[in-house]
Amino acid sequence: MNSLIPLFVIIPLGCAFLMAMLGRFIKNINKFITPIFMLFLVYLSLSFIFKSQGSLIYKVGGFEPVNGVPIAIYMVMDGLTKLILLVISLVGFLAIFYSLSYTKQYTAERKFYVLFSLMIAGMNGIVISGDIFNIFVFLEIAAISSYALVAFGVEKHQLEASFKYQVLGGIASLIILLTIALIYWNTGTLNIADISRQLTVNSQAGTNVFLKFISILLIAGFGLKAAIFPFHSWLPDAHSSAPSPISAMLSGVLIKAIGIYVIIRLFFNMFPLSYEISMTITVLGTISMIIGGLLAIGQWDIKRMLAYSSISQIGYIVLGLGIGMLVLVTGGNKAVAALSITGGLFHLLNHSIFKSLLFLSAGAVEYRTGTRDMRKMGGLSEVLPITSRTSLIGSLAISGIPPFNGFFSKLIIIIAAIQAQYYVLAFLAVLVSVITIAYFMKLQKYTFYNNDGSKWIEKKIKEVPFSMTFSMILLSILCLIMSLLIIPEVRTIFLQPAVDVLINSAYYTTKIIGI
Amino acid sequence: MIIYILCFVLFLVGLYGVVSKRNLIKIIIGIAIMEYSINLFLIMIGYIEGGTAPIITKGFENAKFVDPLPQAMILTSIVIGLATTALLLAVAIRLYQKYGTFDINKIKDLKG
């Protein structure tokens with residue numbers, strides 16, 4: 001199966017090129033190609049999850065290591081990679097299916113699909129590459145296409161949001177490039193596994209001060225991409241101004257694939273774990289969890305509220321992973337660390353499902369009413385019954401109401417925090433969960449209920465078209481199905497391989513260098 | 001050592017431009033300066049005193065070669081920089097058409 005790994009980049013990249021060429025001559029070809037190849041990627045990632053074991057490596061160009069030093073570009077497929085790839089392709093497929101009707105309002109529909117495919121190619125590339133410079137290159141592919149997609153409507157606000165996003169994203173990319181240069185300077189290699197070996201073996205390269213400096217720069221760079229506090233200021237603008245399927249992709253997948261995933265991969269598998277850095281990550285996660293939640297309450301723009309809620313939920317994910325790091329580094333019980341990391345990854349998975357569902361529902365509301373201001377809505381459940389139901393399911397899931405998936409992942413994180421004796425963090429996680437319920441109740445009340453909706457019935461507002469409702473209904477069903485991941489047998493298939501990769505930090509290195 | 005510090009100073013000059021200037025075009029120039037400073041830093045990493053181009057020819061099999069990998073990295077990063085700068089400028093021009101100004105104090109509809 002090793003030779004199938006590059007397909008995750010080749011297919012979207014090739015399709016983007018093909019669509020840019022052929023779209024001019026054949027009408028609507030983009031609308032056929034994009035969902036089909038996304039569906040194929042879903043199939044491919046599922047087959048990797050079920051059929052392959054352990055880590056698979058593909059060496060680009062087939063160059064074998066010389067004297068044990070890897071010289072080819074490595075593409076690595078392990079448990080964590082498979083999980084993130086599945087999320088990207090699943091949410092990507094549903095978002096693109098939704099866009100089939102949604103993009104009718106734009107004049108340059110064709111380019112939307114091309115940019116979307118490029119973004120998918122970039123994200124898949126980041127996840128499968130085992131080489132920090134390639135991570136940078138794919139990160140830029142994903143980021144540049146997302147800048148263009150945020151500004152896709154070329155209205156005032158979208159351009160402003162896109163400019164802000166580009167400036168901050170550009171600074172983040174340059175900090176990341178600087179870090180890569182510093183790492184190369186000290187270790188003389190770019191391969192993640194080889195860097196990890198050099199840092200442990202070569203004591204001169206792995207001095208403490210140098211490692212701290214690099215780690216701080218990396219947290220700043222990828223934290224900006226992932227919108228962790230205090231680097232979150234671009235997210236509410238960019239995510240609320242973008243076209244709704246793109247908001248769903250950005251909030252649901254992009255910040256995780258180019259931010260959280262890389263932080264996890266580098267800090268668990270590349271650097272030796274250190275107490276100070278683990279503490280920094282945990283504290284930043286906690287603060288962004290609280291700040292995002294508090295800021296969301298005051299919002300009246302429906303998509304802006306969802307964007308702030310993304311910051312808060314990203315905080316949960318980082319908190320879960322950070323507690324896992326802290327337990328590992330202080331030599332605590334490995335089972336607790338595993339539980340905490342499971343919680344973080346589970347919440348990552350869940351958040352991408354329900355946050356894209358909420359953004360798609362908000363997009364459907366905007367599509368029919370033409371406004372994002374909650375004060376001008378009310379009573380929409382009368383005219384948009386399906387959207388109202390799916391949005392309700394998404395809100396219940398994100399607030400952590402059983403039997404939806406959000407409840408279980410938050411529960412795991414809180415239990416892990418208590419078992420690791422971080423009682424304050426557990427308390428804060430519960431508190432923010434209550435805040436989450438508060439602002440989603442506000443969203444539901446002002447948008448869908450609050451009056452009898454006669455204003456909308458007069459205007460003859462209808463339910464949104466099939467392709468939009470299909471995606472939303474499927475995502476709400478997924479919200480229920482994902483709860484099944486709490487069952488140990490199901491968890492061993494999906495989450496356990498990813499957790500194993502992170503718990504045994506040295507495993508990644510030995511597996512790749514040892515072959 | 002002094003040359004690395006100067007390179008870092010160049011990076012900070014660019015950062016200063018991005019943070020303190022109020023004109024969209026000046027912000028873009030600031031980002032470009034930051035990018036050049038990092039490219040410069042990368043090329044200095046690969047340089048060896050008295051090294052030659054890393055091409056093996058007859059009679060020079062054991063010459064001192066400079067490291068070719070940073071050079072390949074810079075070529076990639078220059079191309080990426082071109083794309084980011086072009087997109088930034090395109091958006092800046094569109095913003096000028098919508099607002100009639102390059103001043104970011106007047107372009108702030110989004111807040112809260």
Side-chain angles (χ1 to χ4, degrees), chain A residues 71 132-134 136-141 143-148 150-151 153-171 173-186 188-190 233-234 236-238 240-241 295 298-301 304-305 307-308, chain B residues 4 7-8 11 14-15 17-19 21 24 27-28 30-46 67 69-70 72-74 76-100 102 104 106-112:
Chain A
I71 52 171
I132 42 174
F133 191 69
N134 270 285
F136 171 73
V137 172
F138 284 120
L139 182 139
E140 284 296 274
I141 294 176
I144 291 175
S145 38
S146 72
Y147 303 150
V150 168
V154 289
E155 294 300 324
K156 269 185 166 184
H157 292 174
Q158 290 159 349
L159 289 168
E160 189 190 335
S162 174
F163 192 82
K164 206 174 188 180
Y165 182 21
Q166 283 185 52
V167 171
L168 286 171
I171 293 175
S173 303
L174 291 173
I175 292 175
I176 292 165
L177 186 60
L178 178 67
T179 323
I180 291 169
L182 286 169
I183 291 175
Y184 182 73
W185 195 15
N186 265 271
T189 175
L190 291 169
S233 63
W234 58 271
D237 296 342
S240 63
S241 306
L295 286 172
Q299 301 301 322
W300 285 103
D301 181 331
R304 216 176 164 79
M305 178 186 267
Y308 275 113
Chain B
Y4 294 111
C7 186
F8 192 65
F11 182 83
L15 194 59
V18 173
V19 173
K21 291 298 171 196
L24 294 184
I27 291 175
I28 297 172
I31 288 188
I33 291 174
M34 281 167 76
E35 197 192 302
Y36 294 147
S37 78
I38 290 175
N39 287 346
L40 191 64
F41 180 62
L42 265 168
I43 201 98
M44 285 190 311
I45 291 170
D67 190 351
L69 192 59
M73 280 156 69
I74 291 163
T76 318
S77 101
I78 287 174
V79 175
I80 290 170
L82 176 76
T84 32
T85 317
L87 194 61
L88 269 168
L89 284 169
V91 171
I93 291 169
R94 284 296 188 113
L95 273 172
Y96 186 76
Q97 287 169 353
K98 298 278 178 199
Y99 287 85
F102 278 127
I104 55 167
K106 294 186 181 118
I107 307 176
K108 48 174 184 185
D109 286 354
L110 296 173
K111 56 184 163 200

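A note on names: the letters A, B, ... follow the listed sequences, proteins ahead of strands, and every chain is numbered from 1.
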Practice prompt. Check the angle between the aromatic planes of A:W185 and B:Y4 and answer parallel, tilted or perpendicular using the 30° and 60° thresholds.
Written response: tilted
Worksheet item: Counting only heavy atoms not in B:Y36, do more than 12 sit closer than 6.0 Å to its OH atom?
Response: no
Worksheet item: So which part of A:I141 gets closer than 4.5 Å to some heavy atom of chain B, the side chain, the backbone, both or neither?
Response: neither
Item to complete: Please determine, among B:V18, B:L24, B:I27, the option with the most heavy-atom pairs under 4.5 Å with chain A.
Response: B:L24
Fill in: Atom group of B:L88 that falls short of 4.5 Å from chain A, counting heavy atoms
both
Discussion item. When you compare the side chain of B:L69 with that of A:Y184, does any pair of heavy atoms fall below 4.5 Å?
Written reply: yes
Discussion item. As an exercise, state the distance from CD of A:Q158 to NZ of B:K98, rounded to the nearest 0.5 Å.
Written reply: 9.5 Å
Practice prompt. Sort B:I28 into side chain, backbone, both or neither according to what part of it lies under 4.5 angstrom from a heavy atom of chain A.
Written response: side chain
Worksheet entry | Student check: side-chain heavy atoms of A:L159 and B:Y99 closer than 4.5 Å | no
Item to complete: Drop me the distance from A:L177's CG to B:I38's CD1, to the nearest 0.5 angstrom.
Response: 5.5 Å
Worksheet item: Atom CZ of A:F136 and atom CE of B:M73: how far apart are they, to the nearest 0.5 Å?
Response: 9.0 Å
Practice prompt. Please round to the nearest 0.5 Å and tell me the distance separating atom CD of A:E140 and atom OG1 of B:T76.
Written response: 11.5 Å
Worksheet item: Can you tell me how far the CD1 atom of B:I33 sits from the CG atom of A:L174, to the nearest 0.5 Å?
Response: 12.0 Å
Response to the item:
The reported gap from OG in A:S162 to CG in B:L87 (rounded to nearest 0.5 angstrom) is 6.0 Å
Worksheet, complete the sentence: When the 4.5 angstrom heavy-atom criterion is applied to A:L190 and chain B, the contacting part is side chain
Discussion item. Is A:F163 close to chain B through its backbone or its side chain, or both, or neither, when contacts mean heavy atoms under 4.5 Å?
Written reply: both
Item to complete: Against chain A, label B:I31 side chain, backbone, both or neither, depending on which of its atoms sit under 4.5 Å from a heavy atom there.
Response: both
Worksheet entry | Smallest separation among heavy atoms of A:A181 and B:L42, with atom names | CB-CD2, 3.8 Å
Discussion item. So for A:A161, is it side chain, backbone, both, or neither that comes closer than 4.5 Å to the heavy atoms of chain B?
Written reply: both
Worksheet item: Relative to chain A, which of B:V79, B:I80, B:N39 shows the most heavy atom pairs under 4.5 Å?
Response: B:I80
Discussion item. I want to check something: taking the side chain as every heavy atom from C-beta on, are A:Q166 and B:T84 in contact at a cut-off of under 4.5 Å?
Written reply: no
Worksheet entry | Any A:L178 side-chain heavy atom under 4.5 Å of B:M34 side chain | no
Response to the item:
Under 4.5 Å to a heavy atom of chain B? For A:S173 that would be neither
